[in-house]
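Proteins get letters first, then strands, A, B, ... in listed order; numbering begins at 1 in each.
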2 protein chains.
Amino acid sequence: MQTSDRIIEAATRLIKKNGYRGVSTKAIATEAKVNESTIFRQFGSKQGILEAIIERHSDIPQFEKLLKEDATDNPEVDLLNVSQQYRLFFHKNADIILIGLRDKGMLPELDRVLADPPLKLHSLLVEYFERLQKKKVIARQDERLIAMSFLSMCYGFQMSELIHRQYQSQLVTEEEFYKHSVSLFVKGILSQS
Amino acid sequence: MQTSDRIIEAATRLIKKNGYRGVSTKAIATEAKVNESTIFRQFGSKQGILEAIIERHSDIPQFEKLLKEDATDNPEVDLLNVSQQYRLFFHKNADIILIGLRDKGMLPELDRVLADPPLKLHSLLVEYFERLQKKKVIARQDERLIAMSFLSMCYGFQMSELIHRQYQSQLVTEEEFYKHSVSLFVKGILSQS
DNA sequence: AATGCATGCAAGTGCACGCTTGCAAATCTG
DNA sequence: CAGATTTGCAAGCGTGCACTTGCATGCATT
């Protein structure tokens with residue numbers, strides 16, 4: 001069915017821009033070139049559209065694999081992989097994340113898309129750094145803190161891109177940022193204080 | 001006048017939680033224990049409340065001083081100061097930032113509170129790192145990139161605290177985070193590749 | 001050709017919202 | 001105390017919103 005796709009896409013575009021409450025079903029219908037009644041026949045209610053948007057974009061990143069089975073225990077390699085995966089996650093879910101920021105608290109599942117990945121990634125990074133310390137690959141230090149530093153760096157860069165992209169011409173490209181940041185971070189955790 | 005204060009505080013609380021469009025003037029009146037008509041006599045319109053909220057919180061951070069006149073050119077010291085200032089900025093403007101995230105695009109000034117500080121800080125950091133390189137305090141590297149790494153780290157940590165504080169019990173405290181992160185970052189930019 | 005289904009169209013319903021107004025009570029000010 | 005200002009109260013206005021419904025039309029399947 002092509003109609004409901006057009007509705008979902010139109011709604012996504014508008015809600016991302018104006019927030020759920022800032023968009024009327026009439027506006028969605030116009031944007032989707034569809035009669036307003038069709039929306040309700042397809043999704044039942046306005047909230048039904050939002051649920052459909054979320055369901056369609058449910059894409060949860062798989063950090064476990066990168067930091068456990070596939071880990072090389074060379075932090076420069078592994079962390080670059082993780083950062084790429086995280087970046088990919090932001091790109092795939094950009095719409096939902098932006099909607100989630102605007103309409104936090106509307107749907108529990110929407111909040112989870114926003115809150116879960118960083119939490120999950122932090123705990124995996126803690127485990128990873130613990131292991132590297134036991135193997136004496138990196139210096140002794142508080143794993144919680146280095147995990148948080150690395151996570152904040154990636155999270156901050158991506159969020160800033162999402163939130164401010166329209167206002168600021170790209171200061172640095174994603175690729176050079178991660179290449180440089182990961183190596184800078186690794187130097188930091190390798191060196192003995 | 002105590003009445004308008006109560007209205008502004010009530011409105012801030014509610015808008016932060018539900019977004020501008022998610023809060024009715026009636027709800028604000030109830031929360032402020034004030035008659036609804038009083039709101040309009042005081043602020044003229046619903047948008048007038050929002051403008052008053054913004055005006056009241058206009059608090060722009062002064063990074064220039066820290067990175068120019070007062071700079072010690074010891075990066076560990078200066079960057080810790082900057083991070084503290086940035087952290088302070090987030091605390092003072094937490095309400096507005098959260099509202100700005102929700103209702104981006106409603107008022108130009110609201111958008112600016114959100115977008116300007118990171119941009120400004122980035123350009124100041126670029127200048128700062130340029131100078132340290134000329135003085136051979138730190139190794140040769142792209143100032144734009146180290147500035148962005150440091151900024152993203154601070155921005156990411158603070159944004160994550162603002163956005164997720166309710167969901168995640170604090171993983172690390174602000175103080176230990178900055179103490180650790182700054183020193184890790186400085187190690188990274190000091191070491192020769 | 002007949003049946004069923006998705007859609008368009010037009011009209012409408014009820015409700016919540018932003019906002020106004022007139023008047024009385026309360027509170028402040030000189 | 002007198003006058004002015006600020007509030008509460010109650011009623012109401014117009015509008016936009018989410019959502020419904022009945023009917024007509026096109027379109028695909030059998």
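Listed by chain and number, the residues in a side-chain hydrogen bond (donor to acceptor under 3.5 Å, both in side chains) with B/Glu76 amount to none (sequence neighbours excluded). Legend: residues meeting salt bridge (Lys or Arg N to Asp or Glu O under 4.0 Å) with A/Glu51, ordered by chain and number and at least two apart, are absent. With sequence neighbours excluded, the residues that form a salt bridge (Lys or Arg N to Asp or Glu O under 4.0 Å) with B/Lys135 are B/Asp73. Remark: B/Ser83 pairs with no residue by the side-chain hydrogen bond (donor to acceptor under 3.5 Å, both in side chains) rule, at least two apart or across chains. By the side-chain hydrogen bond (donor to acceptor under 3.5 Å, both in side chains) test, A/Lys92 pairs with no residue at all, sequence neighbours left out. A/Arg112 is linked by a side-chain hydrogen bond (donor to acceptor under 3.5 Å, both in side chains) to nothing, counting only residues two or more places apart in sequence or in another chain.
Rounded to whole Å, the distance from CD1 on A/Ile39 to P on C/dT7 is 12 Å. Between B/Ile28 atom CD1 and C/dA16 atom P the separation is 18 Å, expressed in whole Å. Between B/Phe43 atom CZ and D/dT7 atom C1' there is a gap of 14 Å when expressed in whole angstrom units. Per the geometry, CD belonging to B/Gln42 stands 13 Å off C1' belonging to D/dG8, to the nearest Å. Atom CD of A/Gln2 and atom P of D/dA28 are 12 Å apart (whole Å).
Here the shortest heavy-atom pairing between A/Ile189 and A/Ile138 reads O-CB, 3.8 Å.
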Compile the donor-acceptor pairs under 3.5 Å between side chains in residues 113-120 of chain B and protein atoms, sequence neighbours left out, one pair per line.
{"unit_1": "B/Lys120", "atom_1": "NZ", "unit_2": "B/Glu64", "atom_2": "OE2", "d": "2.6"}

Polar pairs (N or O, both sides) under 3.5 Å between protein and nucleotides 26-30 of chain C?
none

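Axis orientation changes by 30° from one end of the helix from C/dA1-D/dT30 to C/dG30-D/dC1 to the other, with each end axis drawn from 5 pairs and the value rounded to 10°.
Judged as a ring pair (Phe, Tyr, Trp, His ring centres under 6.0 Å), the pairs with a partner in residues 27-84 of chain A (not counting sequence neighbours) are, in order, A/Phe63-A/Tyr86. Sorted pairs that involve residues 4-23 of chain B and meet ring pair (Phe, Tyr, Trp, His ring centres under 6.0 Å), not counting sequence neighbours, are lacking altogether.
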CA sep, side-chain torsions, deciding dist, call: A/Asp95, A/Ile53, side-chain contact (heavy atoms from CB on, under 4.5 Å): CA-CA 9 Å; A/Asp95 290 342; A/Ile53 294 178; 6.0 Å; no
Going 5' to 3' through nucleotides 17-22 of chain C, assign each nucleotide B (protein heavy atom under 4.0 Å from a base atom), S (under 4.0 Å only from sugar-phosphate atoms) or - (no protein heavy atom that close). SSBBBB
